[in-house]
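Below, chain A is the first sequence line, B the second, and so on; all start at residue 1. Side chains are part of it too, since the values below use all heavy atoms of this structure and drop only hydrogens, waters and symmetry mates.
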Amino acid sequence: MVYRTHYCGTLGEGEIGQKVVLAGWVQRRRDHGGLIFVDLRDREGLVQVVFSPDTSPEAFAVAEKVRSEYVLRVEGEVHRRPPGTENPKLKTGTIEVRATSCTILNPSRTPPFYIEDGINVDEDLRLRYRYLDLRRPEMQEALRLRHRAAKVVRDFLDAHGFWEVETPMLTRSTPEGARDYLVPSRIYPGRFYALPQSPQLFKQLLMVAGVDRYFQIVRCFRDEDLRADRQPEFTQIDLEMSFVEVEDILQLSEGLIATLCREVAGVEVSLPFPRISYQEAMSLYGTDRPDTRFGLLLTDVSDLVAEVEFKVFSQAVREGGCVKGLAVPGAAHFSRKEIDELTRYAALFGAKGLAYIQLLPEGPKSPILKFLGEGVVEALRQRLQAGEGALLLFVADKREVVERSLGALRSYLAQKLGLEKPGLSFVWVVDFPLVEFDPAEGRYVTLHHPFTAPREEDIPLLETEPEKVRAKAYDLVLNGVELGGGSIRINRRDLQEKVFRLIGLDLEEARDKFGFLLEALEYGAPPHGGIAFGFDRLLMLLLGRQTIRDVIPFPKTQRAQDLLTQAPSAVTEEQLRELHLRVEVTKGSSGLVKKLS
RNA sequence: GGAGCUGUGGUGUAGCCUGGUUAACAUACCUGCCUGUCACGCAGGAGAUCGCGGGUUCAAAUCCCGUCAGCUCCGCCA
């Protein structure tokens with residue numbers, strides 16, 4: 001038996017007069033008593049099938065029993081629709097298939113939600129029935145474009161001389177970075193593999209191996225809390241090149257990303273992408289992943305308010321902090337309640353308060369007006385280049401807190417007021433510091449990872465002022481989302497050991513954890529560097545989705561569960577014994593261990 | 001670890017503030033009628049212990065406490 005000759009959604013006027021066989025799901029049945037219409041759906045779309053006793057009493061009898069999501073095989077003939085009955089909303093709306101035969105291949109229970117776009121149901125229901133959710137056209141579109149994007153990456157990188165090389169999923173746990181997912185070893189009691197957070201070390205070893213250009217579309221694992229754009233397992237476009245400098249990698253990346261935008265989203269982006277230094281990003285945007293779709297830049301006003309009566313301002317400046325402002329056009333009319341909301345939001349990021357001036361038609365209005373003086377208010381207005389109708393917001397604190405909270409406020413307000421320009425706004429963030437001091441850990445930590453090379457001219461500063469050392473590192477940011485990052489790597493053992501020491505890894509520990517890398521660096525490791533892009537995030541942005549869950553076929557919930565398979569699940573005592581594990585039963589884990597029957 | 005929002009027939013919501021009818025509406029579902037519909041139409045029907053547990057009260061979907069789940073965010077994520 002031939003299941004089908006055509007896809008439903010691809011039929012058109014070209015097939016008029018042909019006998020066709022279709023297989024698909026019942027989108028909808030419209031029963032007129034003496035005539036039944038069935039919209040039959042497959043991956044490629046819908047077509048209307050007409051069942052009439054005049055054409056085939058047998059097929060008509062079957063159609064009477066059919067319900068939503070039944071799987072049918074339909075034989076019939078393609079006809080032009082009678083004049084006046086065309087449906088312009090349907091791609092196949094000028095034709096229909098008159099059924100001569102129909103078989104129910106499988107009935108279906110009534111689905112828990114509509115199999116159509118734009119549904120409004122709890123996400124947990126969609127996840128529990130993901131196989132139904134994925135039948136919806138917008139989800140099929142995501143799967144199709146995900147495939148397309150992967151293909152574009154492979155073709156592009158292949159054309160540029162890259163080899164796709166697989167790296168282990170079972171590897172070793174290394175210090176630094178995110179929490180590892182661990183896999184217990186059966187053969188070595190008490191030892192564990194770790195799932196890779198990224199193939200970082202392996203791709204460097206491949207460079208030492210002379211592969212020259214490597215890439216992989218690869219799953220990475222991080223056992224950290226989830227967000228709209230963070231899943232415990234996610235996919236990276238990972239690449240590494242030998243004998244290159246920063247410039248080579250940025251250029252290649254731009255070519256790759258521009259090709260993806262064109263082939264996947266039909267969007268032409270202009271190259272090269274703008275670049276901004278880390279310092280500048282922090283200072284103007286208050287974040288290292290600036291959203292450049294809108295202005296609303298942070299402006300330092302410390303010098304203007306250093307001497308004012310308003311203590312919050314003058315004191316912050318005197319104590320080495322700063323005061324920065326944000327001018328929000330058209331927001332002067334904000335109510336007290338709205339401003340309170342902004343204050344609460346800023347507080348989430350450490351701001352102890354939010355000062356504001358409303359530039360109303362009748363003049364500036366603000367609780368702190370009298371503590372600033374008219375001259376200062378006018379100077380602030382000019383510095384922020386704000387006109388009537390603007391709301392001026394200020395935070396005074398340590399620089400870090402000021403930038404963090406105002407930066408967050410900036411994004412919040414842009415979204416609230418719809419200031420984001422449509423489209424894709426890329427920016428490279430470059431010149432990251434190599435390390436920063438972490439007061440919590442009492443040591444220096446790397447901003448990227450410990451294998452990032454410092455700029456040659458900054459190497460002497462490693463010993464004296466490590467925080468001033470700039471890294472050969474770069475991040476690609478799209479619409480305020482960190483899309484990817486990379487660096488030129490250290491390829492000399494002595495320098496690598498020096499950086500390890502700087503971040504508090506003593507020589508013995510470094511040799512224990514990274515001995516294989518240090519050793520490899522002694523066997524002619526070429527200069528090399530690379531970058532990795534978040535594949536899920538890129539797709540999310542290209543498809544205009546709000547979460548990467550919508551471009552991942554089987555994602556996990558915020559509590560890291562798979563609602564479809566109910567993973568993670570209990571295992572048998574036998575399995576645990578083989579792995580030399582004993583589970584401590586605490587709150588939340590009781591009843592975890594089940595016997596397999 | 002913390003903050004916020006949400007949870008009511010299969011689904012989406014209203015009701016909750018101000019406790020008191022048979023818990024309402026839409027849609028889906030079932031039955032019947034219907035030969036040009038495409039969100040088909042018309043008529044009828046079934047379907048909810050209001051996430052779970054406890055408390056207050058003569059009386060709880062409604063008030064209080066706890067808890068679970070989903071989402072968003074902070075912390076965390078080199």
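- A straight line from CG of A/Leu46 to C1' of B/C38 spans 10 Å, rounded to a whole angstrom.
- Residue-level contact check: A/Phe37 touches the bases, meaning some heavy atom is under 4.0 Å from a base atom.
- Here the nucleotide nearest the side chain of A/Arg30, chosen from B/C40, B/C76, B/G36, is B/C40.
- Within the 4.0 angstrom heavy-atom criterion, base atoms lie near A/Glu86.
- OP1 or OP2 of B/U13 lies within a sub-4.0 Å distance of a side-chain N or O belonging to A/Asn120.
- Rounding to whole angstrom units, CG of residue A/Leu226 and C1' of B/C77 are separated by 10 Å.
- Using C1' as the reference atom, B/G10 and B/C50 are 16 Å apart when rounded to the nearest Å.
- At the heavy-atom level, A/Ser198 lies under 4.0 Å from base atoms of the strands shown.
- Looking at residues two or more places apart in sequence or on another chain, you find a salt bridge (charged side-chain N to carboxylate O under 4.0 Å, His left out) between A/Glu509 and A/Lys513.
- Base engagement by A/Gln48 is indicated by at least one non-hydrogen atom pair under 4.0 Å involving a base atom.
- Listed pair A/Arg404 / B/G75 meets the phosphate criterion, a side-chain N or O lying under 4.0 Å from OP1 or OP2.
- As the counterpart of B/C33, B/G41 is assigned, both hydrogen-bonding distances of the Watson-Crick or G-U wobble pattern falling under 3.5 Å.
- Looking at heavy atoms from C-beta onward, A/Met207 lies out of side-chain contact with A/Arg489 at the 4.5 angstrom threshold.
- Nucleic acid contact for A/Leu125: sugar-phosphate only, since backbone atoms but no base atoms lie under 4.0 Å from a heavy atom of the residue.
- Nucleic acid contact class of A/Pro112 (heavy atoms, under 4.0 Å, all strands): sugar-phosphate only.
- The partner of B/G66 is B/C52, by the rule that a Watson-Crick or G-U pair needs both atom distances under 3.5 Å.
- A/Leu226 is listed as a side-chain neighbour of A/Pro232, based on a closest heavy-atom distance under 4.5 Å.
- B/G20 sits 44 Å from B/C33 when the P atoms are compared, rounded to a whole Å.
- Shown here, B/G4 forms a base pair with B/C71; the pair counts as Watson-Crick or G-U wobble because both key distances fall under 3.5 Å.
- Checking B/U57 for Watson-Crick or G-U wobble geometry (two distances, each under 3.5 Å) identifies no partner in any strand.
- Nearest nucleotide to the A/Gln561 side chain, out of B/C38, B/C76, B/G70: B/G70.
- Looking at the side chain of A/Arg81, the nearest of the listed nucleotides B/G36, B/C38, B/C73 is B/C38.
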If you restrict it to nitrogen or oxygen atoms, what contacts under 3.5 Å exist between nucleotides 28-35 of chain B and the protein, and what is each distance?
{"residue": "B/C30", "atom": "OP1", "partner": "A/Arg67", "partner atom": "NE", "Å": "2.7"}
{"residue": "B/U31", "atom": "OP2", "partner": "A/Arg67", "partner atom": "NH2", "Å": "3.3"}
{"residue": "B/C34", "atom": "N3", "partner": "A/Asp31", "partner atom": "O", "Å": "3.1"}
{"residue": "B/C34", "atom": "N3", "partner": "A/Gly33", "partner atom": "N", "Å": "3.3"}
{"residue": "B/C34", "atom": "N4", "partner": "A/Asp31", "partner atom": "O", "Å": "3.4"}
{"residue": "B/C34", "atom": "N4", "partner": "A/Asp31", "partner atom": "OD1", "Å": "3.4"}
{"residue": "B/C34", "atom": "N4", "partner": "A/Gly33", "partner atom": "N", "Å": "3.3"}
{"residue": "B/U35", "atom": "OP2", "partner": "A/His32", "partner atom": "O", "Å": "3.3"}
{"residue": "B/U35", "atom": "OP2", "partner": "A/Gly34", "partner atom": "N", "Å": "2.8"}
{"residue": "B/U35", "atom": "N3", "partner": "A/Asp54", "partner atom": "OD2", "Å": "3.4"}
{"residue": "B/U35", "atom": "O4", "partner": "A/Asp54", "partner atom": "OD1", "Å": "3.0"}
{"residue": "B/U35", "atom": "O4", "partner": "A/Asp54", "partner atom": "OD2", "Å": "3.3"}

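- A/Thr557 comes within contact range of the sugar-phosphate backbone alone, with a heavy-atom separation under 4.0 Å but no base atom that close.
- Using modelled atom types, one finds no donor on one side chain facing an acceptor on the other under 3.5 Å when comparing A/Asp291 with A/Ser411.
- At a threshold of 4.0 Å, the pair A/Glu96-A/Arg98 counts as salt-bridged, since one of the basic side-chain nitrogens sits closer than that to a carboxylate oxygen.
- Contacts of A/Arg126 with the nucleic acid, taken as non-hydrogen atoms under 4.0 Å apart, are absent.
- Residues that satisfy the salt bridge (charged side-chain N to carboxylate O under 4.0 Å, His left out) test with A/Asp475, not counting sequence neighbours, are absent from this structure.
- Counting only heavy atoms from C-beta outward, the side chains of A/Phe432 and A/Asp288 approach each other to under 4.5 Å.
- Screening residues 24-49 of chain A for ring pair (Phe, Tyr, Trp, His ring centres under 6.0 Å) gives A/His32-A/Phe37 as the qualifying pairs, with residues at least two apart or on separate chains.
- Separation of the C1' atoms belonging to B/C63 and B/C73 is 29 Å when rounded to the nearest angstrom.
- Side chains of A/Glu13 and A/Thr94: a donor on one and an acceptor on the other come within 3.5 Å.
- Rounded to a whole angstrom, the distance from the P atom of B/U8 to that of B/A61 is 15 Å.
- Using the Watson-Crick or G-U wobble rule with both distances under 3.5 Å, B/A24 pairs with B/U13.
- A/Val445 comes within 4.0 angstrom of nothing in the nucleic acid, heavy atoms only.
- Nucleotides B/A39 and B/U27 place their C1' atoms 10 Å apart, quoted to the nearest Å.
- Remark: A/Lys416 is positioned above the aromatic ring of A/Phe334, its terminal NZ or CZ atom under 6.0 angstrom from the ring centre and at most 45 degrees off the axis.
- Distances from the side chain of A/Arg559 to the nucleotides B/C73, B/G70, B/G36 place B/G70 closest.
- Below the 3.5 angstrom threshold, one finds a donor paired with an acceptor across the side chain of A/Arg230 and the base of B/C76.
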Item checked: CA sep, side-chain torsions, deciding dist, call: A/Gln279, A/Arg470, side-chain hydrogen bond (donor to acceptor under 3.5 Å, both in side chains) -> CA-CA 11 Å; A/Gln279 287 303 337; A/Arg470 287 162 302 172; over 6 Å; no

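- Out of B/A39, B/C73, B/G1, the shortest distance to the side chain of A/Asp225 is found at B/G1.
- Residue A/Asp122 is classed as a sugar-phosphate contact, given heavy-atom separations below 4.0 Å to backbone atoms only.
- Among the protein residues, A/Phe451 comes within range of no part of the nucleic acid, since none of its heavy atoms lies under 4.0 Å from any strand.
- A residue-by-residue look at A/Thr446 and A/Leu90 shows that A/Leu90 has its nearest nucleotide of RNA chain B further toward the 5' end.
- Residue-to-nucleotide contacts include a donor-acceptor pair under 3.5 Å from the side chain of A/Glu96 to the base of B/G36.
- When the P atom is compared between B/A46 and B/A23, the two are found 14 Å apart, to the nearest whole Å.
- When heavy atoms are screened at a 4.0 angstrom cut-off, A/Arg128 is found touching no nucleic acid atom at all.
- Between B/C68 and B/G54, the two C1' atoms lie 14 Å apart (nearest whole Å).
- For a distance-only test at 3.5 Å, the side chain of A/Arg227 qualifies as a donor-acceptor partner of the base of B/G75.
- Put simply, the side chain of A/Thr235 reaches to within 4.5 Å of the side chain of A/Ile217, judged on heavy atoms.
- Among the atoms of the strands shown, none is found under 4.0 Å from any heavy atom of A/Ile36.
- Within residues 169-182 of chain A, the residues approaching RNA chain B are A/Gly177, A/Ala178, by heavy-atom distance under 4.0 Å.
- Taking the C1' atom of each, B/U62 and B/G7 are spaced 15 Å apart, rounded to whole Å.
- What separates CD of A/Glu116 from P of B/C38 is a distance of 16 Å, to the nearest Å.
- Residues passing the salt bridge (charged side-chain N to carboxylate O under 4.0 Å, His left out) test with A/Asp42: none are found, sequence neighbours excluded.
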